[in-house]
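Numbers restart at 1 for each chain; the letters A, B, ... are given by sequence-line order, proteins then strands. Here the structure is a predicted model, which means the values were calculated and not measured.
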Protein chains: 2
Amino acid sequence: MTTRNQLTRNQNLVMHALDSAAGPLSAYTILDRLRDDGFRAPLQVYRALEKLQEMGLVHRLESINAFVACAHPDCHSHDMIAFAICEKCGKVDEFSDDVVQERLGAWTARHRFKPSKTTVEIRGHCASCSADG
Amino acid sequence: MTTRNQLTRNQNLVMHALDSAAGPLSAYTILDRLRDDGFRAPLQVYRALEKLQEMGLVHRLESINAFVACAHPDCHSHDMIAFAICEKCGKVDEFSDDVVQERLGAWTARHRFKPSKTTVEIRGHCASCSADG
DNA sequence: GCGTATAATGTTATGACATTACATCGACAT
DNA sequence: ATGTCGATGTAATGTCATAACATTATACGC
């Protein structure tokens with residue numbers, strides 16, 4: 001976690017907000033939670049999030065416009081990360097699948113498509129939430 | 001294409017706007033293009049889009065907040081559809097992959113996760129755009 | 001035809017998410 | 001001290017999506 005120590009104040013605050021959260025947070029929710037720390041404008045959050053994403057410490061969930069702390073020690077080891085997002089409780093499971101990665105890679109290679117970012121997000125109900133009803 | 005004939009006026013207009021477009025359109029772009037046809041408010045577009053998506057005639061691209069006409073005669077034949085989206089020219093390729101579907105299905109089954117919607121979107125540069133530079 | 005239930009539409013306002021533009025500050029090398 | 005570069009502060013604006021409520025169209029049993 002060498003990168004972790006080089007974070008700026010704002011990046012640290014945002015990272016901590018995500019770490020302490022049970023699930024993903026929207027940028028504006030993060031903003032609200034950091035009001036007492038001096039945050040005033042969305043841009044302070046978005047700028048920090050951008051850097052944290054570059055460092056692989058945070059992921060953006062495209063399908064729900066929210067951000068989540070990376071669950072793995074170092075996410076840079078995978079190109080593609082998949083998410084299972086519970087629409088009831090908000091819990092997010094992060095996983096990677098080499099076969100999926102391979103297949104998508106095969107498609108892009110075959111079509112000479114140069115991928116820059118791949119999104120795999122499954123929304124639904126997690127085990128405990130679908131048990132509830 | 002039986003469903004196609006049962007579309008309402010608004011649904012028809014939105015469908016036609018997407019059909020005539022080279023690539024995906026945002027809801028507000030659709031709205032602008034339908035001003036002359038009497039469209040005034042975003043909701044007219046969003047309501048039509050919602051129905052068209054239910055019928056499988058239109059897909060929403062989560063990662064770019066845009067909508068695209070389905071490329072296949074009947075998309076209901078697949079649970080999961082993947083998209084390759086060119087960030088330069090906007091071209092979208094739609095495909096499905098049984099192996100990917102299988103693997104994601106295996107993961108959700110193993111974790112007793114009940115999926116409702118799955119998003120697979122690859123952003124990058126298409127063949128012709130990456131050739132350009 | 002007539003009443004009625006249901007779906008679709010029109011309109012205004014508002015909520016939610018994200019970026020542009022520009023000024024300032026701090027660390028650091030020259 | 002000064003130029004440079006990255007981070008920050010702030011206001012304004014742009015973009016995407018839905019809530020709430022009134023009205024109109026359509027289908028269907030009688």
Side-chain angles (χ1 to χ4, degrees), chain A residues 3-18 21 23-55 57-68 85 87 90 92 117 119 121 123, chain B residues 2-18 21 23-55 57-68 85 87 90 117 119 121 123:
Chain A
T3 53
R4 200 72 180 238
N5 300 321
Q6 300 158 4
L7 299 180
T8 66
R9 171 181 154 84
N10 282 5
Q11 288 160 15
N12 240 310
L13 286 166
V14 170
M15 192 66 231
H16 187 253
L18 285 173
L25 299 178
S26 78
Y28 277 72
T29 303
I30 296 172
L31 175 58
D32 284 341
R33 297 199 180 176
L34 295 178
R35 294 269 181 209
D36 292 344
D37 297 295
F39 272 49
R40 296 266 154 273
L43 212 51
Q44 294 175 287
V45 177
Y46 282 111
R47 285 202 274 232
L49 284 172
E50 188 183 349
K51 296 296 177 188
L52 293 169
Q53 285 177 262
E54 282 170 12
M55 298 178 202
L57 298 173
V58 164
H59 301 296
R60 175 187 165 82
L61 303 176
E62 314 267 8
S63 66
I64 59 170
N65 297 319
F67 302 84
V68 69
I85 306 166
E87 289 176 311
V92 174
K117 181 164 185 203
T119 298
E121 296 178 16
R123 275 162 298 155
Chain B
T2 66
T3 52
R4 200 69 179 244
N5 300 321
Q6 299 159 5
L7 298 181
T8 66
R9 172 182 155 82
N10 283 4
Q11 288 160 13
N12 240 311
L13 287 166
V14 169
M15 192 65 231
H16 186 252
L18 285 173
L25 300 178
S26 78
Y28 277 72
T29 302
I30 296 172
L31 175 58
D32 284 341
R33 298 198 180 176
L34 295 179
R35 294 270 180 208
D36 293 345
D37 296 294
F39 273 49
R40 295 268 157 276
L43 215 51
Q44 294 174 286
V45 178
Y46 282 109
R47 285 201 274 233
L49 285 172
E50 188 183 349
K51 295 297 178 188
L52 293 169
Q53 285 178 263
E54 283 170 11
M55 298 178 203
L57 296 173
V58 164
H59 300 295
R60 175 188 166 81
L61 303 175
E62 314 267 8
S63 65
I64 59 170
N65 296 320
F67 302 85
V68 69
I85 305 165
E87 290 176 310
K117 181 163 186 205
T119 298
E121 297 179 15
R123 274 162 300 155

Checklist entry - Between D/dA25 atom C1' and B/L7 atom CG, what is the distance in whole Å? => result 17 Å
Checklist entry - Do the side-chain N or O atoms of A/N65 get closer than 4.0 angstrom to the phosphate oxygens (OP1, OP2) of D/dA17? => result no
Next on the checklist: Is the phosphate of D/dG9 approached by A/Q44 (side-chain N or O, under 4.0 Å from OP1 or OP2)?
Outcome noted: yes
Checklist entry - When you measure from the side chain of A/R40, which nucleotide among C/dA18, D/dT10, D/dT8 comes out closest? => result D/dT10
Next on the checklist: Need to verify one output field. Residue with the more 5' nearest nucleotide on DNA chain C, A/R47 or A/Y28?
Outcome noted: A/Y28
Checklist entry - Is the backbone N or O of B/E62 less than 3.5 Å from a side-chain atom of B/E121, with the two atoms forming a donor-acceptor pair by type? => result yes
Checklist entry - Is it true that a side-chain atom of A/E50 and a backbone atom of A/R47 form a donor plus acceptor pair closer than 3.5 Å? => result no
Item to check | Verdict with reasoning, B/K51 to B/T8, per side chain to side chain contact (heavy atoms under 4.5 Å, CB included) | outcome: CA-CA 10 Å; B/K51 295 297 178 188; B/T8 66; over 6 Å; no
Item to check | Atom-to-atom span, OH of A/Y46 to P of D/dC16 - whole angstrom | outcome: 13 Å
Next on the checklist: Tell me the interatomic distance from A/Q6, atom CD, to C/dA27, atom C1', rounded to whole angstroms.
Outcome noted: 15 Å
Checklist outcome for this item: The single option from B/L57, B/L49, B/L13 that satisfies side chain to side chain contact (heavy atoms under 4.5 Å, CB included) with B/L18 is B/L49
Checklist entry - Rounded to the nearest Å, what distance is computed from the CD atom of residue A/E50 to the P atom of nucleotide C/dC17? => result 19 Å
Checklist outcome for this item: 5'-most contact on DNA chain D (nearest-nucleotide basis), A/P42 vs B/R60, goes to A/P42
Next on the checklist: Among C/dT19, C/dA8, D/dA17, which nucleotide has an atom closest to any side-chain atom of A/L43?
Outcome noted: C/dT19
Next on the checklist: Rounded to whole Å, please give me the gap between CG in A/L25 and P in C/dA18.
Outcome noted: 13 Å
Checklist entry - Quick one: B/L49 CG to C/dA8 C1', roughly how many Å, whole number? => result 15 Å
Checklist entry - How close or far is atom P of C/dA18 from atom CD1 of A/I64, stated in whole angstroms? => result 11 Å
Checklist entry - Think A/T8 has a side-chain N or O under 4.0 angstrom from the OP1 or OP2 of D/dT8? => result yes
Item to check | Distance, rounded to the nearest Å, where B/D32 contributes CG and D/dG14 contributes C1' | outcome: 13 Å
Next on the checklist: Quick one, A/N10 and A/L34 - any side-chain contact, counting heavy atoms below 4.5 Å?
Outcome noted: no
